[in-house]
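Both ligands and their constituent atoms are indexed starting at 1 by order of listing. Note that these values count all heavy atoms, side chains included, but never hydrogens, waters or copies made by symmetry.
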Amino acid sequence: MSIRSIMVVAGTRPEAIKLAPAFWWLEKLGVDYVFVWSGQHYDYELSRVFFEQLKLPEPAVDLDVRSGTHAEQSAKIMMGLEKALDKYKPTVVVAQGDTNTVVAAALTAAKKLVPFAHVEAGLRSWDRTMPEEINRIVADAVAHLCFAPTALAAVNLMHEGVPISRIHITGNTIVDVIHSYRDIASEEGEKMLKELGLQPHSYVLVTIHRQENTDNPERLQSLVKAFAKISRRVPVVFPAHPRTVNRLRGLDLLESLKDVRMLKPLGYFQFLGLLRYAAIVLTDSGGVQEEACLLKIPTLTLRYNTERPETVMAGINRLVGTEEERIVTATFDALERREEIIKHAKNCEEFLGRGDAGQKIAKTLADANVEVPTADTRTDPYITYAILNAPTPNCGNCEIVAMYDETGLAVEDVTKAKKYLIRGPLTELLKWLR
Ligand code: UD1
Ligand code: UDP
């Protein structure tokens, strides 16, 4: 069935930012859509400011679910979305990223037999203690269309059994956003620097908000000690997520950060401006790792893994974990070697995309033939997997799941494929193996 109407679901800061290019293109292509905001983020600084700056449409529905435990938040979103699906009857539901809003949208759509499309599919940190990793895995598992931002993300999906016919490599929409707003961000950044009395490339920008960093008092204390130490030698600017401020306050840690320039969460242009002029950035954010990569700002990621390995491969991002001394040493090392790091860093657009992700996503959504799930009435008793030297064009029920070059390395590009991992009925596959 071709797509007639799209329901776009979002609910947090990064989703508002990263879905903007998809909205721009849905509008340009005249595709019918309805926008549902879950209200997981509700403060002006975490929601509305992005609607205004990035020209998002007004949501038709605001579920206004607000904060809660993972189960409470996801369940409330699911209950609200179920009603919205009944009312608007979209032919596809789209969501971006790895938040509770996304997993709730994916599950609700799947249970209502409405095809689900996942933007930023296939990212994996390989750490299932991260709530976001569970959200990504579940969303991809039930998605009918997986918009993988990079080749590595596509390869991850293949190895979780997502047939390649469902995977579309689009690039990351954050590249489109940066292309559109780089100049405005520079202007806003200059204004911010004036206000804060800072010189370009003379300060360290910090953001942290991850559950594993903020809800673990030992880790949070270690991070705070590191920021305090760094701030004695170089200005540190820290626009803080409300979650982080709450935890810092709860542990009486705000006083230890007296030399750090603590700011409220910033609007997008203001934040991107501060990032653009930072000497380096210390972050546990996913989106900030990508933006810093694109703006060539050396990055120390305050985590032990990243679902954005491309930024590390590009030579601009380093995982430094959360131990105080390691962070301090890595910070002063990065400040000293800043020019060298930048000089040797690769162009991140090679890894993250060229700025046409929004267009690709909107066009695919407009043109795709998405099957409404139906019960499997085949009588072949088994589905199994086999590696073949060629695809199986005449095997109606077979699907290509992954492709490899002659060395055995997984490839996402069909022109490089020499071997194919196929899923299909045992009897059919046996014919091809003999
Ligand atoms: C969520 C996402 C995380 C994403 C981040 C983007 C999940 C599991 N986590 O984390 O992946 O990186 O958004 O910023 O979905 N709060 C406010 N005002 C708001 C929103 C939140 O004060 O507008 C405070 C509340 O105290 C709330 C806490 O922040 O309890 C955490 O909010 P929540 O939505 O649960 O998760 P985030 O940490 O924002
Ligand atoms: N951001 C912002 N203002 C801030 C901090 C971050 O606009 O004060 C933007 C940042 O540019 C990036 C996005 O928020 O695009 C990242 O959101 P966050 O770090 O909350 O979530 P994550 O990307 O880790 O899911």
What do the steps show when you test T283 against V206 for side chain to side chain contact (heavy atoms under 4.5 Å, CB included), and what is the final call?
-> CA-CA 6 Å; T283 191; V206 168; over 6 Å; no
E290/K18 under salt bridge (charged side-chain N to carboxylate O under 4.0 Å, His left out): CA gap, chis, key distance, verdict | CA-CA 11 Å; E290 293 161 348; K18 285 185 165 175; 2.6 Å; yes
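Contact shell of ligand 1 (protein heavy atoms, cutoff 4.0 Å): P14, Q40, H41, Y42, D43, L46, S67, H70, Q73, D98, T99, N100, E132, H209, R210, H241, P242, R243, N246.
Numbered from 1 in the order shown, with element, the atoms of ligand 2 that lie under 4.0 Å from a heavy atom of I17 read 9 (C), 13 (C), 14 (O), 15 (O). With ligand atoms numbered from 1 in the order given, ligand 2 contributes 7 (O), 11 (O), 15 (O) to contacts under 4.0 Å with heavy atoms of Y268. Taking every heavy atom of L266 and a limit of under 4.0 angstrom, the matching atoms of ligand 2 come to 2 (C), 3 (N), 4 (C), 7 (O), 8 (O). Residue G286 has at least one heavy-atom neighbour below 4.0 Å for each of these atoms of ligand 2: 22 (P), 23 (O), 24 (O). Atoms of ligand 2 lying under 4.0 Å from any heavy atom of P239, numbered from 1 in the order shown and given with element: 8 (O). Near R210, the atoms of ligand 2 lying under 4.0 angstrom from a non-hydrogen atom of the residue are 22 (P), 24 (O), 25 (O). Near G287, meaning under 4.0 Å from any of its heavy atoms, are these atoms of ligand 2: 22 (P), 23 (O). Residue-ligand proximity, P265 to ligand 2, at heavy-atom distances under 4.0 Å covers atoms 8 (O).
Residues F50 and L56 approach most closely at O-CD1, 4.4 Å, considering heavy atoms. Nearest heavy atoms, A151 versus I169: CA-CD1, 4.2 Å. Scanning all heavy atoms of the two residues, the minimum distance from R308 to T306 falls at N-OG1, 2.9 Å. Shortest non-hydrogen contact noted between H118 and R136 is CE1-O, 4.4 Å.
Residue-ligand proximity: Q289 is placed with every non-hydrogen atom at 4.0 Å or more from ligand 2.
The environment of NZ in K112 is crowded: more than 12 heavy-atom neighbours from other residues, nucleotides or ligands sit within 6.0 Å. Environment of CZ in R233: sparse, with no more than 12 heavy atoms of neighbouring residues, nucleotides or ligands closer than 6.0 Å.
Heavy atoms of E132 found under 4.0 angstrom from ligand 2: none, in either backbone or side chain. Residue-level proximity to ligand 2 for F271 is carried by the side chain, the only part with a heavy atom below 4.0 angstrom. In E291, the part holding a heavy atom less than 4.0 Å from any atom of ligand 2 is the side chain.
The aromatic rings of Y181 and Y268 sit perpendicular, their planes meeting at an angle over 60°, well past the 30° parallel limit.
Remark: R219 does not engage E212 in a salt bridge, criterion side-chain N to carboxylate O under 4.0 Å. Comment: D367 does not engage K363 in a salt bridge, judged by the lack of any side-chain N to carboxylate O separation of less than 4.0 angstrom. Between K225 and E325, none of the side-chain N atoms (NZ, or NE/NH1/NH2) sits under 4.0 Å from a carboxylate O, so this pair counts as no salt bridge. By the 4.0 Å N-to-carboxylate-O rule, E72 lies too far from R66 to be salt-bridged with it.
At least one side-chain heavy atom of R303 sits less than 4.5 Å from a side-chain heavy atom of S125.
Protein heavy atom in closest approach to atom 16 (C) of ligand 2: S285 OG, 3.7 Å. Regarding atom 25 (O) of ligand 2, its nearest protein heavy-atom neighbour is P14 CG, 3.5 Å. Among protein heavy atoms, the minimum distance from atom 7 (O) of ligand 2 is reached at F50 CE2, 3.2 Å.
Taking only non-hydrogen atoms, the option from R13, E120, Q270, E45 nearest to atom 17 (O) of ligand 2 is R13.
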